[in-house]
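Please read all numbers here as calculations on a predicted model, not as lab measurements.
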Amino acid sequence: DLTVITPIRFCENETVNLLLSSFVDKMKKQDIILNIKVALPAELNIPDTELCSVLSNGLENALNATNKIEDNTLRKVFFDCNINRKMLLIEIENAYTGHIQMDGKIPTSTEIGHGYGCKSIHSIVKKRNGFCTFQAVDGVFTLRLVLPMDTQSYI
């Protein structure tokens, strides 16, 4: 079946298309709606490994949190990604239940094998002289990050 192996085209960037296609499929299987708004060029001044780490960790965290919600109307993840003024802007928003434990300004987890994704995102953002915020307010978790696309800012 070609739909299984053919990524959906969300933007010009093939890496992002592959990753988002994978998460659309994962979330669909969990009855989670992934709302995507993305406008990216084919080439970005960030290695695919770092881009994949940031996006997959953010989306995996959103999937895991949203999967714990029983109310189907809240089982949604919102993903927005674009370039503005030579900055890569990413926002991932989802509902959650329970309490999010923070270590300073970074979410942590006491679950075995969890708790490294947000640290990884923060590390990449810091390395590239960007900034990110992790915010949990009234049952809505939001990850926002900004990465400079000017190669001189992080060499």
Side-chain angles (χ1 to χ4, degrees), residues 1 3-11 13-40 44 46-84 87-148:
D1 186 4
T3 58
V4 174
I5 59 172
T6 305
I8 302 167
R9 190 161 179 83
F10 298 99
C11 64
N13 188 288
E14 292 307 320
T15 300
V16 173
N17 288 336
L18 285 167
L19 191 120
L20 289 175
S21 293
S22 172
F23 274 94
V24 164
D25 187 52
K26 284 182 184 182
M27 291 191 190
K28 190 176 189 178
K29 289 177 182 174
Q30 301 291 331
D31 292 322
I32 299 169
I33 296 170
L34 176 56
N35 292 294
I36 297 170
K37 181 180 172 188
V38 62
L40 293 176
L44 297 170
I46 179 171
D48 283 348
T49 53
E50 291 181 7
L51 182 63
C52 284
S53 181
V54 167
L55 295 180
S56 62
N57 280 313
L59 287 167
E60 191 71 34
N61 287 344
L63 181 147
N64 289 336
T66 307
N67 198 34
K68 295 175 183 174
I69 297 172
E70 293 181 20
D71 183 347
N72 283 347
T73 64
L74 299 177
R75 294 174 62 87
K76 297 176 185 173
V77 174
F78 297 89
F79 176 83
D80 190 348
C81 183
N82 61 75
I83 303 277
N84 190 347
M87 303 289 241
L88 175 63
L89 310 174
I90 300 171
E91 181 175 271
I92 302 173
E93 185 176 277
N94 58 274
Y96 71 92
T97 60
H99 173 74
I100 294 180
Q101 184 176 331
M102 303 287 273
D103 180 9
K105 296 182 179 183
I106 302 173
T108 61
S109 177
T110 56
E111 293 181 48
I112 295 172
H114 292 273
Y116 303 105
C118 291
K119 289 178 185 175
S120 175
I121 292 168
H122 183 262
S123 175
I124 291 167
V125 169
K126 184 177 177 183
K127 170 186 168 185
R128 300 209 156 264
N129 295 322
F131 64 91
C132 63
T133 60
F134 303 92
Q135 186 177 28
V137 177
D138 296 329
V140 177
F141 183 86
T142 306
L143 162 63
R144 289 186 184 98
L145 67 90
V146 178
L147 290 175

Gap separating the [atom1] atom of [X] from the [atom2] atom of [Y], nearest 0.5 angstrom:
{"X": "L51", "Y": "I90", "atom1": "CG", "atom2": "CD1", "result": "6.5 Å"}
{"X": "C118", "Y": "K105", "atom1": "SG", "atom2": "NZ", "result": "15.0 Å"}
{"X": "L63", "Y": "N94", "atom1": "CG", "atom2": "CG", "result": "9.5 Å"}
{"X": "L147", "Y": "K127", "atom1": "CG", "atom2": "NZ", "result": "11.0 Å"}
{"X": "L19", "Y": "L59", "atom1": "CG", "atom2": "CG", "result": "6.5 Å"}
{"X": "L145", "Y": "L55", "atom1": "CG", "atom2": "CG", "result": "8.0 Å"}

Problem set entry | side-chain hydrogen bond (donor to acceptor under 3.5 Å, both in side chains) against S21, all qualifying residues, sequence neighbours excluded | none
Exercise. Does N57 have any side-chain hydrogen bond (donor to acceptor under 3.5 Å, both in side chains) partners at least two apart in sequence or in another chain, and if so, which?
Worked result: S53
State, to 0.1 Å, how close [X] and [Y] come at their nearest heavy-atom pair, and which atoms those are.
{"X": "P148", "Y": "G130", "value": "CD-CA, 3.8 Å"}
{"X": "P7", "Y": "N17", "value": "CB-O, 4.1 Å"}
{"X": "H122", "Y": "C132", "value": "CD2-SG, 3.9 Å"}
{"X": "T66", "Y": "A95", "value": "OG1-O, 3.8 Å"}

For this session: Could you tell me how the ring of F141 sits relative to the ring of Y96: parallel (under 30°), tilted (30 to 60°) or perpendicular (over 60°)?
Result: perpendicular
Please output the side-chain donor-acceptor pairs of residues 76-84 that fall under 3.5 Å, not counting sequence neighbours, one pair per line with the distance.
| residue | atom | partner | partner atom | Å |
| --- | --- | --- | --- | --- |
| D80 | OD1 | N82 | ND2 | 3.4 |

For this session: Go through the steps for F134 and N61 under the test side chain to side chain contact (heavy atoms under 4.5 Å, CB included), then give the verdict.
Result: CA-CA 12 Å; F134 303 92; N61 287 344; over 6 Å; no
Problem set entry | Trace of the side chain to side chain donor-acceptor pair (under 3.5 Å) decision for R75 with Q30 | CA-CA 9 Å; R75 294 174 62 87; Q30 301 291 331; 5.0 Å; no
Problem set entry | Worked check of side chain to side chain contact (heavy atoms under 4.5 Å, CB included) between L40 and L88 | CA-CA 9 Å; L40 293 176; L88 175 63; 3.6 Å; yes
Exercise. Run the side chain to side chain contact (heavy atoms under 4.5 Å, CB included) check on F131 and R144 step by step: do they pass?
Worked result: CA-CA 8 Å; F131 64 91; R144 289 186 184 98; over 6 Å; no
